[in-house]
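Side-chain atoms are counted along with the backbone in the values below, which use heavy atoms only and exclude waters and symmetry mates. Letters A, B, ... mirror the listed sequences (proteins, then strands); counts begin at 1.
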Number of protein chains: 2
Amino acid sequence: MNGRFLGEPAIADRVRASAAELQYSPSHLARSLALGQTSAIAFVVPDLANPAFQAMLSSLSKTAAKDGYRVLVADSAESPEDEPLLVEEIRRRCDAIVLCAPRMPDAQLEALAADLAPLVLINRRNPEIHAPSLSIDYRSGIRTLARHLHSLGHRHLAYLEGPATSRSNEHRLRGLEEFEREEPEVRIDRLSGGVSSEDGHAAAARVRESGATAALAFNDLLAIGLLNGLLELGVRVPKEVSVTGFDDIPFARYTSPPLTTASVPHEELGVQAWHRMRALIARDEPAEDIVLQPRLEVRRSTAAAPR
Amino acid sequence: MNGRFLGEPAIADRVRASAAELQYSPSHLARSLALGQTSAIAFVVPDLANPAFQAMLSSLSKTAAKDGYRVLVADSAESPEDEPLLVEEIRRRCDAIVLCAPRMPDAQLEALAADLAPLVLINRRNPEIHAPSLSIDYRSGIRTLARHLHSLGHRHLAYLEGPATSRSNEHRLRGLEEFEREEPEVRIDRLSGGVSSEDGHAAAARVRESGATAALAFNDLLAIGLLNGLLELGVRVPKEVSVTGFDDIPFARYTSPPLTTASVPHEELGVQAWHRMRALIARDEPAEDIVLQPRLEVRRSTAAAPR
DNA sequence: CTGTTAGCGCTTTCAA
DNA sequence: TTGAAAGCGCTAACAG
């Protein structure tokens, strides 16, 4: 049945015919047990409703499929507590795991890492962990956005934060601190944001009250909600307040006004994650870790600061 | 180890301690083989990059997780030819399958259905197939949109088609025919559209040339691209041309102008799909098939027809 | 070249 | 109450 039969073709045909007649269908399960591999990998994200993670999943799944691998998905619902159990459970069902932006504390992740191997990490670097890691330079990306706003004359900015457990939020914060050191006359207010467009919408009033002339949102989802909330409050964007996002999700270019953002190649991350994973599974040396640079995408949600 | 041990607690503890020491971790695979169930289901869509399918996946995965089930995803890349093999392969890896908007011909789907059971169908009804089916009344939805445009004075419409293999595209076409019979003075041009925002964008010139005062797009993705393409061509929306979408993806409300659309409860579909599936797996009688009615969501991309 | 067998790691049944 | 054994359906190594 497996194609590499060396006997008489007629016999093979007869066997195949009988198999069809008996409605025989091989058990992938038993095959996996005997072979010791399932040809499936897990992909875990904090929020499957986020287009950025969806884009990675879509490209990871397509890419892995070319090598006969399927992907098992799980959403940790932004819960750092449940994450370790979820991750261990799903890992045991397949051959390997891609952890995307895990929210659990470093210590737990470090403790788990060996058990999880083969493991590929996205958006979470940790020198203690021996696993390929793909990430985005959020620190530099947010600085580029801040510098863009600065060049437009903005001196009072607001940063709408992401989840406190998000490492990439920390990196943005770090980038902002650097920027403040470079441009001491700039003031940046930290405002609590969230993770969804609704959160961004709800933050609009706080942004207006802060008096900032420009708001940097944690990501595009937040920025899109903020944009809308600001408009509803009668605040003109970008005339009165400029807004930036982060990610460049497919819809960022279609908002009103189109969103200035830092563009992240999510599809590329999915492809590269699979390449690293394939190497790991084959016990090859995976390619080097990469830190992708976001690209400034200037659209119409940012403009010169009001007088 | 399985919690229902009847002996001395001290012994159980000692066993557990040894297990931990030996880094014992149960093999889900072997357990599945012995038990004859994997606690995983497959979810197959034509395009994982479509937010409508992503929303279903996200809710299906969350809902199934509550019952200890994981989901294996696959994207058929809109290919009706590869679909049957893909579907059979992934089905054999797990306990059941949810087929979302399959593109393969009816005959093939009917032939496959028995092999695939337990099977839940989304967006594809077929009386020959004995499987729970959840769908959207696209026919009525598009008619509601057309009627909305008609009430605004539009008499020359254009319909931007979806993939030829999409049954839901056919249903929309059917609804439009009904509408034409009801309102004989209305003209509806059929224009080839596609499946992505890029396709919608590319169709903008064709829509303008058609002379229609309103365009109904197959879905929101197409509509958003069309909106943008029209704007780039200097066509004012909705002043000169009204545009409608279908689905009400999360971003439809944030486009410029916000998109009038037929709202489809994708999350609800995911939840209901799991409920049907759970009943099937438990050999219970699944709840009745449902045909959800889209809800007209009037936003600012539609307005009175020009003079 | 063909047919037999052990074993993957679990669950369940049956015997001690 | 505890231990031993059969079997889930496949693969791979081994004799015949």
Side-chain angles (χ1 to χ4, degrees), chain A residues 1-42 67-70 72 85-97 112 114-118 280-283, chain B residues 1-42 67-70 72 85-97 112 114-118 280-283:
Chain A
M1 289 304 290
N2 61 13
R4 43 194 166 82
F5 172 68
L6 307 164
E8 283 193 51
I11 296 196
D13 283 344
R14 215 144 50 82
V15 170
R16 254 184 283 276
S18 299
E21 197 176 341
L22 296 168
Q23 298 207 278
Y24 168 79
S25 129
S27 156
H28 191 92
L29 209 57
R31 182 168 201 277
S32 292
L33 185 63
L35 250 31
Q37 70 153 61
T38 63
S39 299
I41 64 169
D67 290 309
Y69 276 74
R70 300 279 168 217
L72 211 49
L85 257 70
L86 165 65
V87 155
E88 281 207 299
E89 190 272 344
I90 200 167
R91 169 64 184 85
R92 261 188 270 99
R93 293 173 170 250
C94 52
D95 299 341
I97 188 167
L112 237 61
D115 283 10
L116 296 178
L280 242 41
I281 290 173
R283 298 176 165 281
Chain B
M1 289 305 290
N2 61 13
R4 42 194 168 84
F5 172 67
L6 306 165
E8 284 192 48
I11 294 195
D13 283 344
R14 214 144 51 83
V15 170
R16 254 183 282 278
S18 298
E21 196 177 342
L22 295 168
Q23 298 207 278
Y24 168 78
S25 128
S27 157
H28 191 94
L29 210 57
R31 182 167 201 277
S32 293
L33 185 62
L35 250 32
Q37 71 154 60
T38 63
S39 299
I41 65 169
D67 291 310
Y69 276 73
R70 300 281 167 214
L72 212 48
L85 258 69
L86 165 65
V87 155
E88 282 208 299
E89 190 271 343
I90 201 166
R91 169 64 183 85
R92 261 188 270 98
R93 293 174 171 250
C94 51
D95 299 341
I97 188 167
L112 237 60
D115 283 9
L116 297 179
L280 242 41
I281 291 174
R283 297 175 166 284

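- Residue contacts for B:L33: at a heavy-atom cut-off of 4.0 Å it reaches a base atom on one of the strands shown.
- When distances run from any side-chain atom of A:A34 to the nucleotides C:dC10, C:dC8, C:dT12, the shortest one goes to C:dC8.
- Checked against C:dT12, C:dC10, D:dA12, the side chain of B:R31 finds its nearest nucleotide in C:dC10.
- We find that CZ of A:R92 is positioned 14 Å from P of C:dG9, with the value rounded to whole Å.
- In this structure, the side chain of A:H28 does not engage the main chain of B:R91 through any donor-acceptor pair within 3.5 Å.
- We find that CG of A:L29 is positioned 19 Å from P of D:dG7, with the value rounded to whole Å.
- Applying the salt bridge (Lys or Arg N to Asp or Glu O under 4.0 Å) rule to A:E89 yields the partners A:R93, B:R70; only residues at least two apart in sequence or on another chain are considered.
- Proximity of A:S25 to B:R92: side-chain heavy atoms (C-beta onward) are separated by under 4.5 Å at one or more points.
- With hydrogens and angles ignored, the 3.5 Å screen pairs a side-chain donor or acceptor of A:S32 with a backbone N or O of A:Q37.
- The listed nucleotides are C:dC10, D:dT11, D:dG9; the one nearest the side chain of A:L35 is D:dT11.
- Set against D:dC10, D:dG7, C:dT12, the side chain of A:Y24 has D:dC10 as its closest nucleotide.
- Rounded to whole angstrom, the span from the CD atom of A:Q37 across to the C1' atom of D:dC10 amounts to 13 Å.
- When the P atom of D:dC10 is taken as reference, atom CZ of B:R93 falls 15 Å away, rounded to whole Å.
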